[in-house]
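Residue numbers start from 1 in every chain, and the chains themselves are labelled A, B, ... in the order their sequence lines are given, proteins ahead of strands. Values in this document were obtained by computation on a predicted structure and should not be read as measured data.
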Amino acid sequence: MFWSVVVRSSSSRRSIGFVNQIVPCFFGVSRTIYSSSSRSCLASNGGGGGDGVDNGFRAFEDYLNESWKSCNFDEEIELKTTWRSQNSTFQQKQNVSSRSSFIDTVRNDANRVLEILRQDGPGFDTKAALDDLKLRLSGLLVRQVLLGILTSISFANKKRSAKLGFKFFVWSGQQENYSHTTNSYHLIMKIFAEAEEFKAMWRLLDEMIHKGYPTSARTFNLLICTCGEAGLAKKVIERFIKSKTFNYRPFKHCFNAILHSLVVLHHYKLIEWVYQQMLVEGHSPDILTYNILLCSKYRQGKLEQFHRLLDEMGQNGFSPDFHTYNLLLHVLGKGDKPLAALNLLNHMKEVSCDPTILHFTTLIDGLSRAGNLDACKYFFDEMIKQGCMPDVVCYTVMITGYVEAGEFHMAQEMFDEMISEGQLPNVFTYNSMIRGLCMAGKFEEACLMLKEMERRGCNPNFLVYSTLVSYLRNAGKLSQAHEIIKDMVEKGKYAHLVSKIKRYRRC
DNA sequence: CTAGGGTTAG
């Protein structure tokens, strides 16, 4: 048994008991464990890491706001491939500049379409106007238009946005030389989701299935997010389980795909139900199923069940893998069990599953949440000794840990070190540093850091502004807070969210 | 390449 080594015990029974000791400490952590159930499901579709995007693409996407990017990774990938295939036909003789000219054309066309859609209303023939544009429709153009609508959607204009989006969707679908892709459907469904036009989404799903479009995990996510009540969610799930066109790659079967989506969306209740359905239909769990279930138990803080499941997994002949170890490190980190973690890391090496930067980051993050900064520093150094070089995420985790612990000078040291090591700070890093500066009462420097990040091409997101403004307000620096808001709104960003900036209350 | 590491939300 793998954990017997972990805890230096000869019997797996006893060692599980040992691991179970984690439970009482686990709840004593200083930061909230997980309170994600209330998070807007529309804004949390996994995805997130948008750093690996090439420059041409990034330039094209610059104006998209952060929140959209973070919920839409598969469409980004789609865009890149679309772009490549469209470019490849004339790529041979043209250099990089053709890239930007193609992108410029699409962007320009999209703006013309949006301009026409804006004029939609009585006495204006939108369809005729669109026809008059004589556009060369492409998947990219359709995407660009729908994205344009999606990013400008607000509470006040959502119904109209949905109407216009759908008008364009129908119109473009009728044009020759172009047909919709699964992703165009996803975009219009996303617009309907934002507009809370859930019935329309269901009709689109019917249409997709009717026309034989493959549905994917993204389709599933879009729909499951619209289900307020569990009953409706179960219907969606049943529908996807039965569907013949459900493309559940890269998973081996649809149950794993669904379970994975649910864990990403924090629908934990349904996870149990789907797992039962899966067993009823005669599928046995594989290592992925177990890892998803473990993740769900861990995120719900159900450590008792977590360990039972781990035990069952072992009994069914599954050895923990890369992901399982990562989950165990989550548990050990947050439970402030550095010694057990050290044993686990050694065990991983013994079974030639060498810990990676991911594992160390997980552990360090957990330990920092438990307030054990010494252990964080220990594993950070240990990691480097083992030849794992810290990256942005890892540095950011360390910085955040020090900031939360009120040791700003240590955070600053880490920040300087990461820059000298050539690691580029990102929004997460700057947000932590700005929070740290505010906590240390260095408001001038905090405001300077906002300017600094912009200068270095790192776009502040709403949370960065929110952090800074809240601290300034709380410190009674109202005029400076107002300056930041003005700055934010002048850049045309997040104006509709101004009222959402949190007011920090002392307690 | 992976399913896999990081912001505050009440």
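Residue pairs meeting the side-chain hydrogen bond (donor to acceptor under 3.5 Å, both in side chains) criterion with at least one member in residues 271-285 of chain A, sequence neighbours excluded, are A:E272-A:K297.
A:I357 comes within 4.0 angstrom of a base, heavy atoms only. Within the nucleic acid shown, A:N326 comes within 4.0 Å of sugar-phosphate atoms alone, with no base atom in reach, counting heavy atoms only. At the heavy-atom level, A:N256 lies nowhere under 4.0 Å from the strands shown. Among the atoms of the strands shown, base atoms are found under 4.0 Å from some heavy atom of A:T396. Among the protein residues, A:C295 comes within range of no part of the nucleic acid, since none of its heavy atoms lies under 4.0 Å from any strand.
Regarding A:D365, its CG atom lies at a distance of 10 Å from the P atom of B:dT8, rounded to whole Å. Following rounding to the nearest Å, A:H253 (NE2) and B:dA3 (P) show an atom-to-atom distance of 14 Å. The separation between A:H266 atom NE2 and B:dG10 atom P is 13 Å, rounded to whole Å. Between A:L288 atom CG and B:dA3 atom P there is a gap of 8 Å when expressed in whole angstrom units. Protein atom CG of A:L358 is 7 Å distant from nucleotide atom P of B:dG5, rounded to whole Å. A:E404 has its CD atom 6 Å from the P atom of B:dT8, to the nearest Å. When the P atom of B:dA3 is taken as reference, atom CG of A:L328 falls 20 Å away, rounded to whole Å. Put simply, CE on A:M449 is 16 Å from C1' on B:dT7, counting in whole angstrom units.
Between B:dA3, B:dT7, B:dG5, one nucleotide has an atom nearer to the side chain of A:H260 than all others, and that is B:dA3. Side-chain atoms of A:L463 lie closest to B:dT8 of the nucleotides B:dT8, B:dA3, B:dG5. Residue A:I287 places its side chain closer to B:dA3 than to any other of B:dG5, B:dA3, B:dT7. The side chain of A:V464 lies closest to B:dT7, out of B:dT7, B:dA3, B:dG6.
Across B:dG5 and B:dA9, the matching P atoms stand 16 Å from one another, rounded to whole Å.
Of the N and O atoms on the side chains of A:Y471 and A:K477, not one donor lies less than 3.5 Å from an acceptor on the other residue. No hydrogens or angles considered: nothing links the side chains of A:H482 and A:S479 as a donor-acceptor pair under 3.5 Å.
Phosphate proximity of B:dT8 to A:R369: absent, as no side-chain N or O sits under 4.0 Å from OP1 or OP2. Here A:R435 reaches the OP1 or OP2 of B:dT8: one of its side-chain N or O atoms lies under 4.0 Å away.
Classification of A:D487 and A:K491 as a salt-bridged pair holds, one side-chain N sitting under 4.0 Å from a carboxylate O. Salt bridge present: A:K190 and A:E194 bring a charged side-chain N and a carboxylate O closer than 4.0 Å. The existence of a salt bridge linking A:E238 and A:K242 is excluded, since no basic side-chain nitrogen approaches an acidic carboxylate oxygen closer than 4.0 Å.
Side-chain to base pairing of A:T361 with B:dG5: one donor and one acceptor N or O lie within less than 3.5 Å of each other.
In this structure, A:H323 counts as stacked on the base of B:dA3 under the 5.5 Å centre distance and 30° plane angle limits.
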